[in-house]
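Here's the structure, in structure tokens; my notes come after.
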Amino acid sequence: MTSVTTTHQDLLPLLKTHFGYDSFLPNQLAVIEDVLSKKDVLAIMPTGGGKSLCFQLPALAMEGTTIVVSPLIALMKDQVDVLRANGIVAAYYNSSQSPETQQEIFQQLKKGELKLFYVAPESLGSFGSIFKEIEISLFAIDEAHCISSWGHDFRPAYTQLGSLKERFPEIPVLALTATADKTTQDDIADQLAIPYAERHLASFNRPNLYLEVRPAQNRIKQIVDFIGHRPDESGIIYCLSRKNTEKIAERLRDSGFSAKAYHAGMSTQERTQTQEDFVNDRIPIIVATIAFGMGIDKSNVRWVIHYNLPKNVEGYYQEIGRSGRDGLPAHTLLFYSFGDVAQLRRFISESDNAEVEYAKLERMQQFAEALSCRRIALLNYFGENLTENCGNCDICNRPPKYFDGTLMTQKICSAVARLKESEPMGTVVDVLRGAQNANIYEKGLQSIKTYGAVKDVSWQDLQQYVIQLLNQGVLEINFREGSRIALTPLAKQILFERKKVQLAILVKEKPKTKRERRATIEKTELFEKLRALRYQIATKENVPAYVVFGDASLKDMEAKLPANEHEFLEVSGVGKAKLEKYAAVFLKAIAEHQASMKHETFAHK
Ligand code: ADP
Ligand code: MG
């Protein structure tokens, strides 16, 4: 085996030639250098952080084959497609392949032709003796948290990986995951028997994701409006129940969008089909339960909407992390409602781990209710201290201003008191606004003293004030007792001791700020032409569009307007293989576009 003294300088040409990139993403180089010096490594990087490259590049720099253990066939297939498109010899193995294909792969492995070989943990057993015969450069364990029952995607077959180190003590093991919590990290190292592994923890910040939270009113209408502004963009809508995924997908189709539902109650075949339709850009919008996403490396998901509140911050971050993997702006939108909180609490009450889960849900609520930079709150949760406001969330865009809300608060608290602290938020708001509905009349609430005391404020706004008072600890919500709203000692000070209260002024949705506008990719004519060309090629080659080129590469072509092969190679994501395959067609499209533009200017003169 060659002794490896690869340096940063040697790696850059490899990075450019094979992957078309000019620089590393945070932590990639550090991980790669450790792997090349034969150390065991545990790499923790966020979704979209570029984990695959951490083993794909060393695989090319070292002699022998890198064995990649990956949990899902879809994941293996996508990565192998991408590698092949880059001219790298790679294969994956699974039990559903034909015996002929499997035999062929065995032969390739034996002859040492493969730089990378992907296999599911369930199939490892078939390779016990072959692995002893061939030269292996590295074991890469992708989605390594699957080995831990502490993690959220435990896969029993992963536990077999514990014996790899024992059987191949000389070969470095690289474990990769996006799971940040310390218990799971320790468990991964234990189970893989790599106690001395170097740990690399990349920042979890994803600055390109715009973070937004809105109250959950008229969600469907808001969603229709949101995606109406984003034609052709891929996005995912997460919701809590299977029934809702189907209902919402149907509503969206009725509104003229191309959307499909996805949940664990569908047949395997239906699910695979839906996933493929999404990955291949045939269906841009998926409405799914959290069952959707794990097997998807699609780089151009431009937005993620949470129709319901997720039950913890880990889940939320993982789900929004599926957007913007290509580093281009992506928009994430969370709808927040107390109804969801109440429902999640009901689910949790049946869990064995209820105490922990309640605490996690509370952290999720705090994030949704934040009145200061959301990214600071989010990264804090993962133990990172960001000190500057991010400038790319709804709060930074519209920082709250306050008014003297003492009188408003007194009215609200007085209504709660007169309702004997036994009614939920909706009824409190209805009473204050003097609503005339069945619930009010059945309970005779129209005769209480504060009925109609706040007529001039809209239902939504009044509800927001009540939520602010909950956050300030003036009111409390009793989830175990019909979500009734009650007063705290603080409320009594406000009612009887003239204590003052500040409330945040609610601002109406303003026209988009510069940053928000930047948060959606500008669609230009050329970009659309390049996209269409990419789609054509992808369909012909039967691969997902991003295997041909990611959105980031198309954007870069548009910015650089390459006119020859030399300039085409400068484009991010263009390496040697893609230069040979695609330079001609894309250069032609760009040149034609340029010519048509000139023509147009000419015609206008
Ligand atoms: P992860 O597995 O950590 O979620 P991936 O390995 O799927 O992330 O990479 C996410 C995206 O980042 C992919 O589109 C990949 O091509 C891109 N990428 C990886 N490394 C680089 C780099 N050095 N420069 C630019 N883009 C990169
Ligand atoms: Mg990955």
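The structure displayed is predicted, hence computed values, not measured ones. We count ligands from 1, going down the list as the structure has it; atoms in each ligand are counted the same way. Here, residue 1 is the first one in the sequence, and each next residue gets the next number.
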Query raised in the report: With under 30° as parallel and over 60° as perpendicular, where do the rings of Phe204 and Tyr317 fit, or are they tilted in between?
Result: tilted
Query raised in the report: What salt bridge (Lys or Arg N to Asp or Glu O under 4.0 Å) pairs are there with at least one residue in residues 564-574, not counting sequence neighbours?
Result: none
Query raised in the report: What's the shortest heavy-atom distance between Ala545 and Asp281, and which atoms?
Result: CB-OD2, 3.3 Å
May I have every N or O pair linking ligand 1 to the protein at under 3.5 Å, one per line with atom names and distance?
| from | atom 1 | to | atom 2 | distance (Å) |
| --- | --- | --- | --- | --- |
| ligand 1 | 3 (O) | Gly49 | N | 3.4 |
| ligand 1 | 3 (O) | Gly50 | N | 3.1 |
| ligand 1 | 3 (O) | Lys51 | N | 2.9 |
| ligand 1 | 3 (O) | Lys51 | NZ | 2.9 |
| ligand 1 | 4 (O) | Gly48 | N | 2.6 |
| ligand 1 | 4 (O) | Arg325 | NH2 | 2.6 |
| ligand 1 | 6 (O) | Lys51 | N | 3.4 |
| ligand 1 | 6 (O) | Ser52 | N | 3.0 |
| ligand 1 | 6 (O) | Ser52 | OG | 2.5 |
| ligand 1 | 7 (O) | Arg325 | NH2 | 3.3 |
| ligand 1 | 8 (O) | Gly50 | N | 3.2 |
| ligand 1 | 16 (O) | Tyr21 | OH | 2.7 |
| ligand 1 | 20 (N) | Gln28 | NE2 | 3.0 |
| ligand 1 | 23 (N) | Ser23 | O | 2.8 |
| ligand 1 | 23 (N) | Gln28 | OE1 | 3.1 |

Query - Arg271: partners by salt bridge (Lys or Arg N to Asp or Glu O under 4.0 Å), with sequence neighbours left out - result: none
Query raised in the report: Once the angle between the rings of His331 and Phe226 is folded into 0 to 90°, is it parallel (under 30°), tilted (30 to 60°) or perpendicular (over 60°)?
Result: perpendicular
**Report entry** Counterpart residues, salt bridge (Lys or Arg N to Asp or Glu O under 4.0 Å), relative to Asp190 (two or more places apart)
**Finding:** none
